[in-house]
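Note that the coordinates shown come from a computational prediction; the quantities given were computed from them, not determined experimentally.
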Amino acid sequence: MKKDQKIEIAVYGKGGIGKSTMSANLSTALAMTGRKVLQIGCDPKHDSTRMIMHGKEIQTVLDYLKEHDKNTGKLEEILFTGAFGIGCVEAGGPKPGVGCAGRGIISAFEFLDIHHAKEAYDLVVYDVLGDVVCGGFAVPVRREYADAIFLVTSGEYMALYAANNILRGIRNYDNDTYKRVAGIIYNQRKVADEDGRVNRFAEAVGLPIVAKVPRSNAFAFAEEAKKTVMEMEGFPEEKQIFTDLANKIYDGMPLYKAKPLSDDELEKVVLNIEPIKPLEVLNDTEDNSTGKVSETLEDDTFEKTVSAKRPPLYGCAFNGAATAAIHLTDAMVIAHSPRACAFYTWQNISSPGRKNLFNRGILMPSAISPNFACTDMGQTEAVFGGMEKLSQTVKEAMKKDVGAVVVISSCVSGIIGDDIQSLEELETDETPVIIIDADGVMAGDYMAGIRLCMRRIAEKLIDPTVPPQGRMVNLINETGFSNNNEVNYQIIKSLLEAMNIKINARFLGDTTSSEMRNFCAAPLNILASDSPDGLELKTWLQEKYGSRFTKSCLPIGFQETKNWLYEIAGEFECTELVPKILAKEEEKYKARLEKIRPFLKGKKILITTINSSLDWLLDTADDLEMEVVWIGVLNYLHMPLHISNHEKFQGIASEEVSSVIIQDKIKETKPDIVVTNYTSLLEEGDYVTDTLFMTQVVGFQSGIHVMERWVDLLGKKDSQKKDMKGDWQNDKWLFEKYFG
């Protein structure tokens, strides 16, 4: 520290160690020499400058920022003058237990920087909360603020432990480059071996003890008088300590690098004993008595289990939970988040709906205009907590005609610790409040958010006392937003209605709170797909509610749908109705088949896809007398593949798929049609390309639905005398509309 330069000092130490007393007396001693001093209290208790202000409580920066914009606020409304002209500022903070006091420090410093609060002063003293507990409280340690750092400690072990942690924080900022630690202010507490402990610590970390403050009644008397010791009559010994330290600062003190000790070293140095070695930690799942790994799983395996078969996915749990929650169509979904988080989530939900409706006429009801609100968390909520705003938002939502209110937490609300669970107290019998503590990314990825949301909704709404009744089924785990979702729902609904069976609830497709409450009324459940997430949900529902499931998922193709119908009919003892349905569907199937046969008979198909079971497509191709020349399946889900039940197709199938292999196969087999999920691997060629969607159209006509597109593609190719690469060419007008 150079003499006569502008100096900024940070005073750190364990809570209750006397930092504010040390800081106030040091600031007074410095000001008594005629220098201009500013003291900034960085503790939410905002009592750092109380003695300098002679007991007057001053407006804190953060309380001021509740009512004023940081850019247009007035500095003089939070900067006060105390004894000897000392400038006094208190950063302030939220009430205990809410908000983020560390973020508050950052906000306060931003305000002071914007309004050049330090320019009029020769020296700034930061009096900082106990320990370097987070990035916010570590701000004064940053090089743009603190030129010198004093550690206040006694000989108590935890005080020295805190001092060592502060050195660790400084080291994180400075690495091994900068020297900014001025030394130790030793505030005596009269504990055993106190001098020895502090001296050994100081020597071990390479720091001088720059002041030794005795345990004295002088400080208690000064506090009663609402003054610093430096202003009191008498107490020459205590005053001299701070006068000497002030002179050292102005004369130019040497600075040192932060050299913290390890925990073991600290214990050995301070307590002067060898540390006890920690016990060997057993594996969490190991039975200590037998040494065997326990096979017992916790009750909440649905939420906690991460399938090893499922690859990592993008996005955050907040986004996933919101995407699932809006399918509860009579609920108000409230994002407890900043506006930007809610905006991107809303866009993620509504964009596919709007695009498909306006451009293709496909209706995705819940995506068009979701019941989605946001608490618009800003800096004030981040510092002081957002529960007041969230509570008000929930109360306003409950005044509306909604079946439930769903609250989803974001990263910000999770980090500051908003107790969103407490909002369940606001619910009524008519309107439950469903809390989804996604906490942004902290609960996992996008799919983890969907799973968490579905579990919370089930636990809150499903009434397990409702007995099974009537001819009803529940539809489980439909794809979130798929072009074919509503088409598939109508197909399945029509087939079931033909057997006098009703769909009770869609968990979680577009459904209502009352339908979810009545979930157990359906004696049978149908899983939409056997994906890892779907199977995980099925297991959880079986264990939690005793739910019964069909063996088969939603069927794709004629044969699979036929088998599925007989299975459902068998459950409800109405198999006599199936032949009539089959006859009608077979007549429709054959009529559509004959219509496209002249265009597709004899055509060669090459299939390269990430789907596994393909009989629904291969059976129809066989019925049309088409030739399947090669099948390459990319095992995207890393699950056992079941491509076909027909031996002739198994013989031409391969799991070896790459762009080189695909092109070689195309050159070798010369197909007319290439069916794929990833057109980017294909080169130009004399063939048309079609894409298989991740969610197929279900029911008897699945294969026909796809192959009618092939007729259209081949027709366009022939009529225009040029290769048309897939049905994306149908969207040429869309490309010209948006980019032309």
Side-chain angles (χ1 to χ4, degrees), residues 10 12 15 20 39-49 57-75 77-80 88-115 117-118 126-142 144-145 169 318 334-342 374-394 407 409-423 437 439-442:
Y12 272 89
S20 295
Q39 180 162 320
I40 301 175
C42 303
D43 189 320
K45 296 196 306 293
H46 54 84
D47 60 355
S48 173
T49 62
E57 187 171 316
I58 63 176
Q59 166 94 317
T60 70
V61 178
L62 293 181
D63 282 343
Y64 182 73
L65 289 177
K66 280 184 179 180
E67 308 295 334
H68 301 83
D69 182 83
K70 66 180 179 181
N71 294 301
T72 58
K74 297 179 180 179
L75 181 63
E77 295 187 6
I78 55 89
L79 175 57
F80 299 85
C88 296
V89 172
E90 293 284 358
K95 296 176 182 178
V98 299
C100 178
R103 174 64 230 184
I105 296 293
I106 296 172
S107 301
F109 274 45
E110 287 175 351
F111 179 83
L112 297 176
D113 287 343
I114 288 170
H115 297 281
K118 297 179 287 187
Y126 300 103
D127 175 16
V128 193
L129 177 68
D131 202 345
V132 186
V133 292
C134 72
F137 288 114
V139 166
V141 160
R142 295 178 184 175
E144 62 264 37
Y145 293 110
F318 168 79
I334 298 174
H336 189 33
S337 71
R339 186 183 305 176
C341 297
C374 172
T375 56
D376 191 14
M377 296 184 73
Q379 181 167 278
T380 299
E381 287 73 38
V383 174
F384 292 98
M387 288 303 298
E388 184 177 344
K389 180 179 279 190
L390 176 59
S391 178
Q392 186 60 39
T393 305
V394 171
V407 179
S409 60
S410 63
C411 287
V412 175
S413 53
I415 288 171
I416 67 174
D418 273 355
D419 181 20
I420 65 173
Q421 295 288 344
S422 64
L423 291 173
D437 44 357
D439 292 352
V441 298
M442 288 185 279

Any idea which heavy atoms bring [X] and [Y] closest together, and the distance?
X: Pro44; Y: Ala101; result: CG-CB, 3.7 Å
X: Ile58; Y: Cys88; result: CD1-O, 3.7 Å
X: Leu62; Y: Gly92; result: CD1-O, 3.4 Å
X: Asp69; Y: Leu65; result: C-CD2, 4.4 Å
X: Ile420; Y: Asp437; result: CD1-CA, 4.2 Å
X: Pro140; Y: Tyr12; result: CD-OH, 3.4 Å

Does a donor on one side chain and an acceptor on the other come within less than 3.5 Å for [X] and [Y]?
X: Glu90; Y: Thr49; result: yes
X: Asp439; Y: Ser409; result: yes
X: Glu381; Y: Thr375; result: no
X: Ser413; Y: Asp418; result: no

message: Going by the rule ring pair (Phe, Tyr, Trp, His ring centres under 6.0 Å), which residues pair with His115 if we only count those two or more places apart in sequence or in a different chain?
response: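 Counting only residues at least two positions away or on another chain, His115 forms a ring pair (Phe, Tyr, Trp, His ring centres under 6.0 Å) with Phe111.
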query: Who pairs with Tyr126 by ring pair (Phe, Tyr, Trp, His ring centres under 6.0 Å), at least two apart in sequence or on another chain?
result: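 Once residues adjacent in sequence are excluded, the partners of Tyr126 under the ring pair (Phe, Tyr, Trp, His ring centres under 6.0 Å) criterion are Phe109.
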query: Given the rule in the side-chain contact (heavy atoms from CB on, under 4.5 Å) test, do Glu110 and Asp113 qualify, once you have shown the distances and angles that lead to the verdict?
result: CA-CA 5 Å; Glu110 287 175 351; Asp113 287 343; 5.8 Å; no
task: Please determine if Lys95 forms a cation-pi arrangement with Phe384, meaning its NZ or CZ atom is less than 6.0 Å from the six-membered ring centre and no more than 45° off the ring axis.
output: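 Because its charged atom misses either the 6.0 Å distance or the 45° angle limit, Lys95 does not stack over Phe384.
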query: With a 4.5 Å heavy-atom cut-off, do Cys374 and Ser337 have their side chains touching?
result: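 Side-chain contact under 4.5 Å: yes.
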Keeping [X] on the side-chain end and [Y] on the backbone end, is there a donor-acceptor pair under 3.5 Å?
X: Thr393; Y: Lys389; result: yes
X: Ser422; Y: Asp419; result: yes
X: Ser410; Y: Gly440; result: no

query: Would Leu75 and Leu112 count as a side-chain contact (heavy atoms from CB on, under 4.5 Å) if you check the C-alpha gap in whole Å, the side-chain angles of each, and the deciding distance to 0.1 Å?
result: CA-CA 8 Å; Leu75 181 63; Leu112 297 176; 4.2 Å; yes
task: Any chance you could measure Leu423, atom CG, to Ser391, atom OG, to the nearest 0.5 Å?
output: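 Going from CG on Leu423 over to OG on Ser391, the span is 5.5 Å.
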task: Could you walk me through whether Ile40 and Asp127 pass side-chain contact (heavy atoms from CB on, under 4.5 Å), step by step?
output: CA-CA 6 Å; Ile40 301 175; Asp127 175 16; over 6 Å; no
- request: Could you please spell out the steps behind the side-chain contact (heavy atoms from CB on, under 4.5 Å) verdict for Cys42 and Ser48?
  value: CA-CA 8 Å; Cys42 303; Ser48 173; over 6 Å; no
field: Non-neighbouring partners of Arg142 that pass salt bridge (Lys or Arg N to Asp or Glu O under 4.0 Å), sequence neighbours left out
entry: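 Testing Arg142 for salt bridge (Lys or Arg N to Asp or Glu O under 4.0 Å), a comparison that skips the adjacent residues, returns none.
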